[in-house]
Amino acid sequence: MAVFQTMLKTYGSQGWWPGETAFEVMVGAILTQNTAWPNVEKAISNLKRAGVFSAVSLLDMPHEALAKLIRPSGYFNIKADRLQQFCHFLQEQGGVEILGNMETTRLRKLLLGVKGVGPETADDMLLYAFQRPVFVIDAYTRRIFSRLGMVSGDESYEVLRMGFESALEADAVLFNEYHALIVRHAKAFCSKKPKCAGCPLAARCTIP
DNA sequence: ATCCCGGATA
DNA sequence: TATCCCGGAT
């Protein structure tokens, strides 16, 4: 059985970012950079509770006030800048709806042009906010698939992304579930210090 | 290679 | 106490 099917059977559907606005997904994608998700949720609920959860509000707000609200997500000074840069980008482009009508390749380039949005964050946005069939590569993907012996792990981001995308059907629903399952599996078994006992992928793995 | 940084977990 | 976290810029 393929890796994806094994993970899906083991963990079930992960239901990532259900019923949330594209704006919220994109804000979350920035705030979660090198940060555990529960801390991001705190930051986002702070923004909502303060009634500033919109591009215009975040832009109008002083840097210090924004940094204070997103403090739980860590890197708050840097991320306050990144959020405001991103909101400025949204205004400049004419809003989320305009972006939603763009072709994926063009939209990806635009997102990568925003300071603070790197390849993983851009692809998180493309996949989870705009439902585009883009395969997200992260540290978990590198770790799991290098242990499985399917990649070396130190390939460039683009090489890995292309590898996954050409090996799979270009399906946003599939990519959405797959990346979420990769995260789940990395936490459950394939952590830095692997917990191989009971691992559902042990039979395929290079780790003794 | 280093910095940014709080919060959960071990 | 140390490590890690749905990274990116310098």
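Note that the structure is a prediction, hence the values are computed from the model and not measured. Throughout, protein chains are lettered first and strands after them, A, B, ... in sequence-line order, and every chain is numbered starting at 1.
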Roughly how far apart, to the nearest Å, are dG7(B) and dG8(C) at atom P?
-> 23 Å

Should stems be defined as at least three consecutive Watson-Crick or G-U pairs with both distances under 3.5 angstrom, which of them involve DNA chain C?
-> B:1-4 with C:7-10, B:6-10 with C:1-5

With a 4.0 Å cut-off, would you call R161(A) and E165(A) a salt bridge?
-> yes

Taking side chain as C-beta onward, heavy atoms only, is V3(A) less than 4.5 Å from M150(A)?
-> yes

Which residues satisfy the ring pair (Phe, Tyr, Trp, His ring centres under 6.0 Å) test with F53(A), sequence neighbours excluded?
-> F23(A)

Mind checking what makes salt bridge (Lys or Arg N to Asp or Glu O under 4.0 Å) contact with K48(A), not counting sequence neighbours?
-> E24(A)

Are L148(A) and L201(A) close enough that some pair of their side-chain heavy atoms sits under 4.5 Å apart?
-> yes

From CD1 (I78(A)) to CD1 (I30(A)), nearest 0.5 Å = 13.0 Å

Got T21(A) and M26(A) here, is their nearest side-chain heavy-atom distance under 4.5 Å?
-> no

Set of residues satisfying ring pair (Phe, Tyr, Trp, His ring centres under 6.0 Å) with respect to F4(A), sequence neighbours excluded = Y178(A)

Please list, in 5' to 3' order, the outermost nucleotides of DNA chain B lying under 4.0 Å from any heavy atom of chain A.
-> dC4(B) to dA8(B)

Indicate, with a heavy-atom threshold strictly under 4.0 Å, whether F76(A) touches base, sugar-phosphate, or nothing.
-> sugar-phosphate

Please identify each residue that fulfils ring pair (Phe, Tyr, Trp, His ring centres under 6.0 Å) with F164(A), with sequence neighbours left out.
-> F135(A), F145(A)

Specify the residues of residues 173-198 of chain A, ordered by number, for which at least one heavy atom lies under 4.0 angstrom from an atom of DNA chain C.
-> V183(A), K187(A), K192(A)

Look at atom NE2 of H63(A) and say whether more than 12 heavy atoms of other residues, nucleotides or ligands are closer to it than 6.0 Å.
-> yes

For F130(A), check ring pair (Phe, Tyr, Trp, His ring centres under 6.0 Å) against everything at least two apart and list the hits.
-> none

Which value, rounded to the nearest 0.5 Å, describes the distance between R147(A) atom CZ and F189(A) atom CZ?
-> 13.0 Å

Would you list the pairs meeting salt bridge (Lys or Arg N to Asp or Glu O under 4.0 Å) in which at least one residue belongs to residues 103-116 of chain A, sequence neighbours left out?
-> R108(A)-D123(A), R108(A)-E158(A)

Backbone of A29(A) reached by a side-chain donor or acceptor of T32(A) within 3.5 Å = no

Touch class at under 4.0 angstrom, heavy-atom based, for R143(A) against every strand present | sugar-phosphate

Strand-adjacent residues in residues 37-52 of chain A, judged by heavy atoms under 4.0 Å from DNA chain B = N39(A), K42(A)

Test salt bridge (Lys or Arg N to Asp or Glu O under 4.0 Å) applied to R132(A) - qualifying residues, sequence neighbours left out | none

For nucleotides 8-10 of chain C, tabulate all protein N/O to nucleotide N/O atom pairs closer than 3.5 Å, reporting atom names and distance.
residue : atom : partner : partner atom : Å
dG8(C)  : OP1  : G118(A) : N            : 3.0
dG8(C)  : OP1  : G118(A) : O            : 3.1
dG8(C)  : OP1  : E120(A) : N            : 3.3
dG8(C)  : OP1  : T121(A) : N            : 2.8
dG8(C)  : OP1  : T121(A) : OG1          : 2.8
dA9(C)  : OP1  : G116(A) : N            : 2.8

